[in-house]
Amino acid sequence: MDTTHKQQYFSNELLAWYLRHRRDLPWRRSRNPYYIWISEVMLQQTRVDTVIPYFHRFIERFPTVEALAEAPEEDVLKLWEGLGYYSRARNLQGAVREVHERYGGIVPDNKEEISSLRGVGPYTSGAILSIAYNKPEPAVDGNVMRVLSRYFLIEEDIMKPSTRGIMEKLAKALIPEGAAGDFNQALMELGAMVCKPRSPNCLTCPVMEHCSAREAGMEEQLPIKKKAKPPRPEQRVAALITGSGDHQGKVLIRQRPQEGLLARMWELPHTEVPFTYMAASPSSPELIPESFKLLTDQLAEETIGIIPERWFMHAEHTFSHIHWDMDVIACRLEPGIIPSPAGMLLPSHYQWVDSATMDNFAFPNVFLKILNAYFAACTEL
DNA sequence: AACACGGGGAG
DNA sequence: CTCCCAGTGTT
């Protein structure tokens, strides 16, 4: 079978399959480029089922380019809470502000301008141009690379940037005349619903008949992918500082720095401790002091004196590159360090919150879990 | 080219 | 539990 026929068969069958089997997803109910853009940024590294509720809340609160451009950044971060990769939210708002100011609120419809926006890389630009404007641009994500590597039996390592180029060229050549948006979505839909990472489901695949990987019995081995490095472990100790007096029933939180991991999110005060220090546990809370002193010293530099009261809980959290192993210690403020009235000298990036007011701050999931566990325990008493 | 950057689902 | 998923920006 010659190459062009194999390609034409693929494009035609896949497109026909998609038109019959496409899922009814919220962002497929319009061709509003702004909605498509929001959805594509949310879908970066994130599953459809996870994104759906976030997408609804987001467009309800920020229905237009103008609404998002004029919103406070904290509001955007709060709506992104739990979705991860928070720079996506900040870059998105920055780019939307640029579209608002420079392009009169109209999302650009050409590669040059749209690619210059923060957070819009090769995948997202292709997705927006094809889905919102039906421009014949490829949108190569992980699904697409998996499907193409199997159907065309491509044994290049998909983690290599050079493989992207090969895939984009191929994906572009496959786009049927006038059907870029539907075809690109068809490719991703097949990867998500049929040609899945660990189960190719060939028997239900619309292009099985000419799939090279299946013919070679290679469908389970593709795509070829170099293994990622395991996350490096970090031991951490956090202080759950409970208030008294005016702050009875509240907990002290702080905001993270402008840049880096979980930038500008809120957290419990905590610090990394060396592994040579034993972790605490309910059975051996006496092992706390060495590691706890590091936290005490760090907070003392910010004029906050704490006294440990009891071990509260253990929390683990895995990022793609770091694993946190965290002990949470319930503490009270040391009298005399914070002068009366209490909290007067609290640094501005610190705040007291209770279970109601914590809704005003965006937290990474690991701290959300700890705070919810604490306030739930308080309610039981 | 290598690394930073979250969080969730499947088996 | 282990493994998998894989866009964009920075260096």
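In this text, all values refer to a predicted model and were calculated from it rather than measured experimentally. Order of the sequence lines fixes the chain letters, A, B, ..., with proteins taken first and strands second; residue numbering starts at 1 for each chain.
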How close or far is atom [atom2] of [N] from atom [atom1] of [X], stated in whole angstroms?
X      : N     : atom1 : atom2 : result
A:M159 : C:dC5 : CE    : P     : 10 Å
A:H323 : B:dG6 : NE2   : P     : 16 Å
A:M145 : C:dG7 : CE    : C1'   : 9 Å
A:Q44  : C:dG7 : CD    : C1'   : 5 Å
A:I224 : C:dC5 : CD1   : P     : 12 Å
A:R88  : C:dG7 : CZ    : P     : 11 Å

Kindly say whether, by distance alone, the side chain of A:K225 makes a donor-acceptor pair under 3.5 Å with the base of C:dA6?
yes

For A:W352 and A:H247, take the angle between the two ring planes, folded into 0 to 90°, and tell me which bin it lands in: parallel under 30, tilted 30 to 60, perpendicular over 60.
parallel

Before giving the answer on salt bridge (Lys or Arg N to Asp or Glu O under 4.0 Å), spell out for A:E267 and A:R256 the whole-Å C-alpha distance, their side-chain angles and the decisive distance to 0.1 Å.
CA-CA 7 Å; A:E267 65 180 6; A:R256 294 181 61 86; 2.6 Å; yes

Residue mapping more 5' on DNA chain B - nearest nucleotide basis, A:K229 or A:F363:
A:K229

C1'-based separation of B:dG9 from C:dT8 [nearest Å]
23 Å

Distance between C1' atoms of B:dC3 and C:dA6 (Å, rounded)
14 Å

Going by the ring pair (Phe, Tyr, Trp, His ring centres under 6.0 Å) test, which pairs reach into residues 100-126 of chain A, not counting sequence neighbours?
none

Ring centroid separation for A:H56 and A:F58, is it under 6.0 angstrom?
no

Flag the pair A:Y85 / A:W80 as yes when their ring centroid distance falls below 6.0 Å, and as no otherwise.
no

Of all of residues 187-202 of chain A, which get a heavy atom below 4.0 angstrom from DNA chain C, listed by number?
A:P197, A:R198

Kindly indicate, with the supporting measurements, whether the criterion side chain to side chain contact (heavy atoms under 4.5 Å, CB included) is fulfilled by A:M326 and A:I370.
CA-CA 10 Å; A:M326 189 181 300; A:I370 297 167; 4.2 Å; yes

